[in-house]
Novice: 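The structure that follows is given in the form of C-alpha coordinates.
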Number of protein chains: 2
Amino acid sequence: MLISTKGRYGLRSMADLVLNAQENPVPLREIAERQGISESYLEQVFALLRKAGLVNAIRGSYGGYTLARPADQITVGEVLQALEGPLTLANCAKIGTPLECDKMDSCLTMPFWKELSAKMEEVMSSFTLQDLVAKETLPGLTPEVKEKEE
Amino acid sequence: MLISTKGRYGLRSMADLVLNAQENPVPLREIAERQGISESYLEQVFALLRKAGLVNAIRGSYGGYTLARPADQITVGEVLQALEGPLTLANCAKIGTPLECDKMDSCLTMPFWKELSAKMEEVMSSFTLQDLVAKETLPGLTPEVKEKEE
DNA sequence: ATTAATCCTACCATCTTACTAGGTTTAGAA
DNA sequence: TTCTAAACCTAGTAAGATGGTAGGATTAAT
(Lines give C-alpha, C1' and ligand atoms only; values in the text may rest on other atoms or scores of the structure.)
Protein backbone atom coordinates (compact mmCIF):
# COMPACT_ATOMS: atom_id res chain seq x y z
CA MET A 1 0.00 0.00 0.00
CA LEU A 2 2.93 2.26 -0.54
CA ILE A 3 2.49 5.51 -2.39
CA SER A 4 4.42 5.63 -5.67
CA THR A 5 7.85 7.11 -6.12
CA LYS A 6 6.33 10.07 -7.94
CA GLY A 7 4.68 11.24 -4.74
CA ARG A 8 7.58 10.44 -2.45
CA TYR A 9 10.27 11.88 -4.73
CA GLY A 10 8.11 14.90 -5.45
CA LEU A 11 7.52 15.69 -1.82
CA ARG A 12 11.19 15.34 -0.98
CA SER A 13 12.11 17.53 -3.92
CA MET A 14 9.68 20.23 -2.87
CA ALA A 15 11.18 20.25 0.59
CA ASP A 16 14.60 20.42 -1.02
CA LEU A 17 13.40 23.35 -3.08
CA VAL A 18 12.27 25.19 0.04
CA LEU A 19 15.62 24.68 1.72
CA ASN A 20 17.73 25.69 -1.26
CA ALA A 21 15.67 28.55 -2.63
CA GLN A 22 17.81 31.62 -2.76
CA GLU A 23 17.04 34.41 -5.19
CA ASN A 24 18.10 32.15 -8.04
CA PRO A 25 15.91 29.36 -9.35
CA VAL A 26 17.08 25.84 -8.50
CA PRO A 27 17.93 23.57 -11.43
CA LEU A 28 16.73 19.98 -11.38
CA ARG A 29 20.28 18.73 -11.73
CA GLU A 30 21.05 19.92 -8.22
CA ILE A 31 17.91 18.52 -6.68
CA ALA A 32 18.44 15.21 -8.43
CA GLU A 33 21.99 15.01 -7.16
CA ARG A 34 21.14 15.93 -3.57
CA GLN A 35 18.19 13.57 -3.42
CA GLY A 36 19.76 10.73 -5.36
CA ILE A 37 17.04 10.70 -7.99
CA SER A 38 17.41 10.35 -11.76
CA GLU A 39 17.27 13.80 -13.30
CA SER A 40 15.24 12.83 -16.31
CA TYR A 41 12.71 11.07 -14.12
CA LEU A 42 12.48 14.18 -11.96
CA GLU A 43 11.64 16.15 -15.08
CA GLN A 44 8.43 14.21 -15.39
CA VAL A 45 7.63 14.78 -11.75
CA PHE A 46 8.14 18.51 -12.06
CA ALA A 47 6.06 18.65 -15.21
CA LEU A 48 3.13 17.57 -13.06
CA LEU A 49 3.97 20.03 -10.32
CA ARG A 50 4.17 22.83 -12.84
CA LYS A 51 0.85 21.92 -14.43
CA ALA A 52 -0.68 21.96 -10.97
CA GLY A 53 0.60 25.49 -10.48
CA LEU A 54 2.84 24.63 -7.54
CA VAL A 55 6.16 25.60 -9.10
CA ASN A 56 7.31 28.10 -11.69
CA ALA A 57 9.88 27.17 -14.30
CA ILE A 58 12.53 29.44 -15.75
CA ARG A 59 13.95 28.08 -18.98
CA GLY A 60 17.34 28.60 -20.49
CA SER A 61 20.74 28.85 -18.93
CA TYR A 62 20.76 29.69 -15.25
CA GLY A 63 17.15 28.58 -15.20
CA GLY A 64 15.44 26.24 -12.81
CA TYR A 65 12.41 26.04 -10.60
CA THR A 66 10.94 28.21 -7.89
CA LEU A 67 7.97 27.75 -5.61
CA ALA A 68 4.87 29.35 -7.08
CA ARG A 69 3.72 30.35 -3.59
CA PRO A 70 5.33 30.78 -0.18
CA ALA A 71 6.18 27.48 1.48
CA ASP A 72 3.61 27.96 4.21
CA GLN A 73 0.87 28.28 1.61
CA ILE A 74 1.50 24.98 -0.16
CA THR A 75 0.13 21.92 1.59
CA VAL A 76 1.53 18.44 1.36
CA GLY A 77 -1.90 17.35 0.16
CA GLU A 78 -1.65 19.64 -2.86
CA VAL A 79 1.71 18.19 -3.79
CA LEU A 80 0.60 14.60 -3.41
CA GLN A 81 -2.66 15.14 -5.24
CA ALA A 82 -0.81 16.72 -8.15
CA LEU A 83 1.42 13.66 -8.40
CA GLU A 84 -0.83 10.81 -7.34
CA GLY A 85 -4.27 11.94 -8.41
CA PRO A 86 -7.23 11.70 -6.04
CA LEU A 87 -6.11 10.86 -2.54
CA THR A 88 -8.94 8.50 -1.64
CA LEU A 89 -8.44 4.81 -1.05
CA ALA A 90 -11.82 3.69 -2.39
CA ASN A 91 -14.04 5.11 -5.08
CA CYS A 92 -17.06 5.37 -2.85
CA ALA A 93 -15.20 7.81 -0.62
CA LYS A 94 -15.29 10.36 -3.41
CA ILE A 95 -18.24 12.69 -3.32
CA GLY A 96 -20.76 12.34 -6.09
CA THR A 97 -19.35 9.16 -7.55
CA PRO A 98 -21.60 6.21 -6.71
CA LEU A 99 -19.60 4.03 -9.03
CA GLU A 100 -19.55 0.69 -7.33
CA CYS A 101 -22.12 1.69 -4.75
CA ASP A 102 -25.09 0.44 -6.71
CA LYS A 103 -24.53 -2.90 -5.03
CA MET A 104 -26.65 -2.80 -1.92
CA ASP A 105 -24.23 -4.40 0.49
CA SER A 106 -21.10 -2.82 -0.82
CA CYS A 107 -22.18 0.50 0.56
CA LEU A 108 -21.87 -0.87 4.07
CA THR A 109 -18.22 -0.03 3.81
CA MET A 110 -18.76 3.49 2.53
CA PRO A 111 -18.97 5.24 5.92
CA PHE A 112 -15.62 3.76 6.81
CA TRP A 113 -13.96 4.88 3.58
CA LYS A 114 -15.42 8.35 3.94
CA GLU A 115 -14.21 8.69 7.50
CA LEU A 116 -10.76 7.45 6.59
CA SER A 117 -10.50 9.82 3.65
CA ALA A 118 -11.64 12.74 5.76
CA LYS A 119 -8.97 12.08 8.37
CA MET A 120 -6.29 11.69 5.74
CA GLU A 121 -7.37 14.91 4.08
CA GLU A 122 -7.21 16.59 7.48
CA VAL A 123 -3.56 15.69 7.96
CA MET A 124 -2.55 16.39 4.40
CA SER A 125 -4.14 19.81 4.28
CA SER A 126 -2.76 20.84 7.65
CA PHE A 127 0.85 20.04 6.77
CA THR A 128 2.58 22.68 4.67
CA LEU A 129 6.00 22.60 3.06
CA GLN A 130 7.11 25.05 5.70
CA ASP A 131 6.18 22.52 8.39
CA LEU A 132 8.42 19.95 6.73
CA VAL A 133 11.55 22.07 6.92
CA ALA A 134 10.80 23.72 10.29
CA LYS A 135 11.54 20.91 12.66
CA GLU A 136 10.44 22.78 15.75
CA THR A 137 6.85 22.55 14.70
CA LEU A 138 6.69 18.90 15.56
CA PRO A 139 6.57 18.60 19.33
CA GLY A 140 7.09 14.88 19.72
CA LEU A 141 10.37 14.67 17.86
CA THR A 142 13.94 15.28 18.91
CA PRO A 143 15.15 18.52 17.37
CA GLU A 144 18.87 17.87 17.91
CA VAL A 145 19.97 15.56 15.16
CA LYS A 146 22.97 17.65 14.24
CA GLU A 147 25.23 14.68 14.51
CA LYS A 148 25.86 14.86 10.80
CA GLU A 149 28.80 16.51 9.16
CA GLU A 150 28.25 19.67 7.23
CA MET B 1 -3.99 5.76 -4.93
CA LEU B 2 -6.84 3.34 -4.69
CA ILE B 3 -6.53 0.33 -2.48
CA SER B 4 -6.59 -2.95 -4.40
CA THR B 5 -9.65 -5.07 -4.99
CA LYS B 6 -8.36 -7.61 -2.50
CA GLY B 7 -8.86 -5.13 0.30
CA ARG B 8 -12.14 -3.74 -0.94
CA TYR B 9 -13.66 -7.11 -1.85
CA GLY B 10 -12.41 -8.60 1.38
CA LEU B 11 -13.91 -5.90 3.53
CA ARG B 12 -17.25 -6.12 1.77
CA SER B 13 -17.19 -9.88 2.08
CA MET B 14 -16.48 -9.70 5.79
CA ALA B 15 -19.43 -7.36 6.26
CA ASP B 16 -21.51 -9.77 4.20
CA LEU B 17 -20.37 -12.57 6.45
CA VAL B 18 -21.47 -10.66 9.54
CA LEU B 19 -24.91 -10.04 8.08
CA ASN B 20 -25.50 -13.56 6.86
CA ALA B 21 -23.97 -15.55 9.67
CA GLN B 22 -26.54 -17.91 11.09
CA GLU B 23 -25.51 -21.06 12.88
CA ASN B 24 -24.35 -22.51 9.57
CA PRO B 25 -21.10 -21.51 7.93
CA VAL B 26 -21.49 -19.35 4.82
CA PRO B 27 -20.11 -20.80 1.57
CA LEU B 28 -18.11 -18.53 -0.71
CA ARG B 29 -20.50 -19.21 -3.55
CA GLU B 30 -23.20 -17.24 -1.75
CA ILE B 31 -20.95 -14.32 -0.85
CA ALA B 32 -19.58 -14.19 -4.37
CA GLU B 33 -23.09 -14.11 -5.80
CA ARG B 34 -24.38 -11.44 -3.43
CA GLN B 35 -21.34 -9.24 -3.87
CA GLY B 36 -20.87 -9.80 -7.56
CA ILE B 37 -17.33 -11.10 -7.18
CA SER B 38 -15.69 -14.04 -8.91
CA GLU B 39 -15.84 -17.03 -6.60
CA SER B 40 -12.41 -18.38 -7.40
CA TYR B 41 -10.88 -14.95 -6.85
CA LEU B 42 -12.65 -14.76 -3.51
CA GLU B 43 -11.02 -18.05 -2.56
CA GLN B 44 -7.65 -16.35 -2.68
CA VAL B 45 -8.92 -13.48 -0.62
CA PHE B 46 -10.28 -15.79 2.04
CA ALA B 47 -7.09 -17.80 2.09
CA LEU B 48 -5.38 -14.65 3.35
CA LEU B 49 -8.13 -13.95 5.87
CA ARG B 50 -7.88 -17.48 7.18
CA LYS B 51 -4.10 -17.33 7.52
CA ALA B 52 -4.53 -14.10 9.46
CA GLY B 53 -6.85 -15.88 11.86
CA LEU B 54 -9.86 -13.74 11.05
CA VAL B 55 -12.13 -16.48 9.70
CA ASN B 56 -12.54 -20.19 10.28
CA ALA B 57 -13.11 -22.58 7.40
CA ILE B 58 -15.25 -25.71 7.45
CA ARG B 59 -14.44 -28.01 4.59
CA GLY B 60 -16.64 -30.53 2.85
CA SER B 61 -20.27 -30.41 1.91
CA TYR B 62 -22.33 -27.89 3.83
CA GLY B 63 -19.07 -26.19 4.70
CA GLY B 64 -18.14 -22.57 4.46
CA TYR B 65 -16.66 -19.77 6.52
CA THR B 66 -17.42 -18.25 9.90
CA LEU B 67 -15.92 -15.31 11.74
CA ALA B 68 -13.13 -16.38 14.04
CA ARG B 69 -14.17 -13.75 16.59
CA PRO B 70 -17.29 -11.68 17.30
CA ALA B 71 -17.81 -8.88 14.81
CA ASP B 72 -17.15 -6.18 17.36
CA GLN B 73 -13.72 -7.65 18.04
CA ILE B 74 -12.43 -7.56 14.48
CA THR B 75 -11.26 -4.18 13.27
CA VAL B 76 -11.29 -2.98 9.70
CA GLY B 77 -7.57 -2.42 10.07
CA GLU B 78 -6.97 -6.08 10.79
CA VAL B 79 -8.88 -7.09 7.69
CA LEU B 80 -7.09 -4.60 5.45
CA GLN B 81 -3.69 -5.42 6.83
CA ALA B 82 -4.26 -9.11 6.23
CA LEU B 83 -5.10 -8.40 2.60
CA GLU B 84 -2.92 -5.44 1.74
CA GLY B 85 0.10 -5.87 3.95
CA PRO B 86 1.48 -2.96 5.97
CA LEU B 87 -0.89 -0.04 5.94
CA THR B 88 1.70 2.72 5.69
CA LEU B 89 2.08 4.92 2.65
CA ALA B 90 5.85 5.39 2.92
CA ASN B 91 8.57 3.15 4.25
CA CYS B 92 9.91 5.68 6.68
CA ALA B 93 6.58 5.69 8.49
CA LYS B 94 7.26 2.16 9.64
CA ILE B 95 8.98 1.89 12.96
CA GLY B 96 12.50 0.57 12.94
CA THR B 97 12.96 0.61 9.20
CA PRO B 98 15.30 3.44 8.20
CA LEU B 99 15.37 2.13 4.67
CA GLU B 100 15.44 5.24 2.56
CA CYS B 101 16.06 7.52 5.49
CA ASP B 102 19.86 7.44 5.23
CA LYS B 103 19.57 10.34 2.81
CA MET B 104 19.76 13.44 4.93
CA ASP B 105 17.06 15.51 3.32
CA SER B 106 14.69 12.70 2.64
CA CYS B 107 13.95 12.43 6.31
CA LEU B 108 12.38 15.85 6.24
CA THR B 109 9.24 14.16 5.09
CA MET B 110 9.28 11.49 7.77
CA PRO B 111 7.31 13.41 10.41
CA PHE B 112 4.54 13.89 7.91
CA TRP B 113 4.39 10.23 6.94
CA LYS B 114 4.41 9.19 10.56
CA GLU B 115 1.60 11.55 11.44
CA LEU B 116 -0.46 10.43 8.48
CA SER B 117 0.05 6.78 9.28
CA ALA B 118 -0.89 7.34 12.90
CA LYS B 119 -4.15 9.01 11.96
CA MET B 120 -4.99 6.29 9.47
CA GLU B 121 -4.23 3.63 12.03
CA GLU B 122 -6.50 5.45 14.47
CA VAL B 123 -9.47 5.24 12.14
CA MET B 124 -8.78 1.70 11.02
CA SER B 125 -8.42 0.32 14.51
CA SER B 126 -11.48 2.12 15.82
CA PHE B 127 -13.81 0.76 13.15
CA THR B 128 -15.00 -2.79 13.75
CA LEU B 129 -17.00 -5.05 11.49
CA GLN B 130 -19.91 -4.49 13.82
CA ASP B 131 -19.70 -0.77 13.15
CA LEU B 132 -20.00 -1.43 9.44
CA VAL B 133 -23.31 -3.23 9.71
CA ALA B 134 -24.78 -1.13 12.55
CA LYS B 135 -25.46 2.15 10.85
CA GLU B 136 -26.47 3.99 14.01
CA THR B 137 -22.95 3.96 15.33
CA LEU B 138 -21.84 6.80 13.10
CA PRO B 139 -22.74 10.05 14.83
CA GLY B 140 -21.67 12.42 12.08
CA LEU B 141 -23.87 10.87 9.45
CA THR B 142 -27.59 11.15 9.06
CA PRO B 143 -29.03 8.14 10.83
CA GLU B 144 -32.39 8.16 9.05
CA VAL B 145 -32.22 8.64 5.32
CA LYS B 146 -35.90 8.06 4.84
CA GLU B 147 -36.44 11.61 3.69
CA LYS B 148 -34.80 10.83 0.39
CA GLU B 149 -37.30 8.09 -0.30
CA GLU B 150 -40.21 10.48 -0.31
C1' DA C 1 27.79 30.89 -30.69
C1' DT C 2 27.99 28.30 -26.62
C1' DT C 3 26.02 26.44 -22.83
C1' DA C 4 22.79 25.00 -19.59
C1' DA C 5 18.63 24.59 -18.54
C1' DT C 6 13.45 23.30 -19.33
C1' DC C 7 10.40 20.80 -22.29
C1' DC C 8 8.44 16.93 -24.94
C1' DT C 9 7.70 12.34 -26.64
C1' DA C 10 8.53 7.81 -27.28
C1' DC C 11 10.08 3.59 -25.64
C1' DC C 12 11.16 -0.20 -22.46
C1' DA C 13 11.63 -3.86 -18.82
C1' DT C 14 9.76 -5.30 -14.82
C1' DC C 15 6.24 -5.75 -11.50
C1' DT C 16 1.51 -5.84 -9.89
C1' DT C 17 -3.22 -6.69 -10.45
C1' DA C 18 -7.15 -9.26 -11.18
C1' DC C 19 -8.31 -12.67 -12.55
C1' DT C 20 -9.08 -17.87 -14.86
C1' DA C 21 -8.33 -22.85 -14.99
C1' DG C 22 -7.86 -27.17 -13.30
C1' DG C 23 -7.04 -30.06 -10.12
C1' DT C 24 -6.93 -32.23 -4.84
C1' DT C 25 -8.76 -32.98 -0.69
C1' DT C 26 -12.55 -33.10 2.82
C1' DA C 27 -16.87 -34.29 4.77
C1' DG C 28 -21.97 -34.54 4.92
C1' DA C 29 -25.87 -37.11 2.63
C1' DA C 30 -28.03 -40.60 -0.23
C1' DT D 1 -20.20 -46.71 -0.84
C1' DT D 2 -21.03 -43.11 -3.82
C1' DC D 3 -22.39 -38.54 -4.84
C1' DT D 4 -21.88 -33.90 -4.05
C1' DA D 5 -20.54 -29.55 -2.49
C1' DA D 6 -17.49 -27.27 -0.33
C1' DA D 7 -12.53 -25.64 0.92
C1' DC D 8 -7.83 -25.88 -0.70
C1' DC D 9 -3.80 -25.37 -3.84
C1' DT D 10 -0.98 -23.97 -7.75
C1' DA D 11 0.02 -22.38 -12.11
C1' DG D 12 -0.78 -19.35 -15.80
C1' DT D 13 -2.00 -14.94 -18.01
C1' DA D 14 -3.58 -10.50 -20.15
C1' DA D 15 -3.58 -5.85 -19.16
C1' DG D 16 -2.04 -2.08 -16.83
C1' DA D 17 1.03 0.51 -13.71
C1' DT D 18 5.63 1.59 -12.34
C1' DG D 19 10.03 3.45 -12.76
C1' DG D 20 12.65 4.53 -15.33
C1' DT D 21 15.97 5.68 -20.12
C1' DA D 22 16.91 8.04 -24.56
C1' DG D 23 17.01 11.57 -27.71
C1' DG D 24 15.93 15.49 -29.23
C1' DA D 25 13.77 20.51 -29.43
C1' DT D 26 13.31 24.93 -27.37
C1' DT D 27 14.75 28.76 -24.54
C1' DA D 28 17.70 32.25 -22.62
C1' DA D 29 21.93 33.99 -20.24
C1' DT D 30 26.77 34.55 -21.15
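Naming: A, B, ... by sequence-line order, numbering from 1 per chain.
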Novice: Under 3.5 Å, is there any donor-acceptor pair linking the side chain of B:Glu43 to the base of C:dT20?
Specialist: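 In this structure, the two groups form no donor-acceptor pair.
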Novice: To the nearest angstrom, how far is A:Leu48 atom CG from C:dT9 atom P?
Specialist: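 So the two atoms are 13 Å apart, to the nearest Å.
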Novice: How many whole angstroms separate atom CZ of A:Phe46 from atom C1' of C:dC8?
Specialist: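 My rounded result for the distance is 17 Å.
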Novice: Name the residue from B:Leu129, B:Val133, B:Val26 that meets the side chain to side chain contact (heavy atoms under 4.5 Å, CB included) definition with B:Leu19.
Specialist: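 Result: among B:Leu129, B:Val133, B:Val26, B:Val133 is the only option passing the side chain to side chain contact (heavy atoms under 4.5 Å, CB included) with B:Leu19.
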Novice: Checking the side chain of A:Arg12 only, and the main-chain atoms of A:Gln35 only, is there a donor and an acceptor separated by less than 3.5 Å?
Specialist: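 Answer holds: yes.
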Novice: What is the separation between atom CD1 on B:Ile3 and atom P on C:dT17, rounded to the nearest whole Å?
Specialist: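 After rounding, the gap between these two atoms is 11 Å.
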Novice: Do the side-chain N or O atoms of A:Arg29 get closer than 4.0 angstrom to the phosphate oxygens (OP1, OP2) of C:dT3?
Specialist: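 So the side-chain polar atoms of A:Arg29 never come under 4.0 Å of the phosphate oxygens OP1 or OP2 of C:dT3.
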Novice: Using a strict cut-off of less than 4.0 Å between a Lys/Arg side-chain nitrogen and an Asp/Glu carboxylate oxygen, indicate whether B:Glu43 and B:Arg50 qualify as a salt bridge.
Specialist: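 Salt bridge flag = no for B:Arg50 with B:Glu43.
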Novice: Any side-chain N or O of B:Ser38 below 4.0 angstrom from OP1/OP2 of C:dT20?
Specialist: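 Indeed, a polar side-chain atom of B:Ser38 lies that close.
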Novice: Taking atom types as they are modelled, is there a donor-acceptor pair under 3.5 Å from the base of C:dT6 to the side chain of A:Arg59?
Specialist: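 In this structure, the two groups form a donor-acceptor pair.
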Novice: Describe the nucleic acid contact of A:Ser40 in one word from base, sugar-phosphate, nothing, applying a heavy-atom distance below 4.0 Å.
Specialist: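 Here A:Ser40 touches the bases of the nucleic acid.
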Novice: May I ask you to verify if any side-chain N or O of A:Tyr41 is less than 4.0 angstrom from the OP1 or OP2 atom of D:dA22?
Specialist: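 False: A:Tyr41 side-chain N/O out of range (4.0 Å or more) of D:dA22 OP1/OP2.
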Novice: Quick one: is B:Ser4 getting a side-chain N or O under 4.0 Å of the C:dT17 phosphate, OP1 or OP2?
Specialist: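 Checking C:dT17 against B:Ser4, no side-chain N or O comes under 4.0 Å of OP1 or OP2.
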Novice: Grab the CG-C1' distance between A:Leu42 and C:dA5 for me, whole Å please.
Specialist: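 Rounding to the nearest Å, CG of A:Leu42 and C1' of C:dA5 are 14 Å apart.
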Novice: Nearest whole angstrom, please: distance from the C1' of D:dA11 to the CD of B:Gln44.
Specialist: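 Atom CD in B:Gln44 sits about 11 Å away from atom C1' in D:dA11.
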Novice: Reckon A:Tyr9 has a side-chain N or O less than 4.0 Å from the OP1 or OP2 of D:dG20?
Specialist: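 True: A:Tyr9 side-chain N/O within range (under 4.0 Å) of D:dG20 OP1/OP2.
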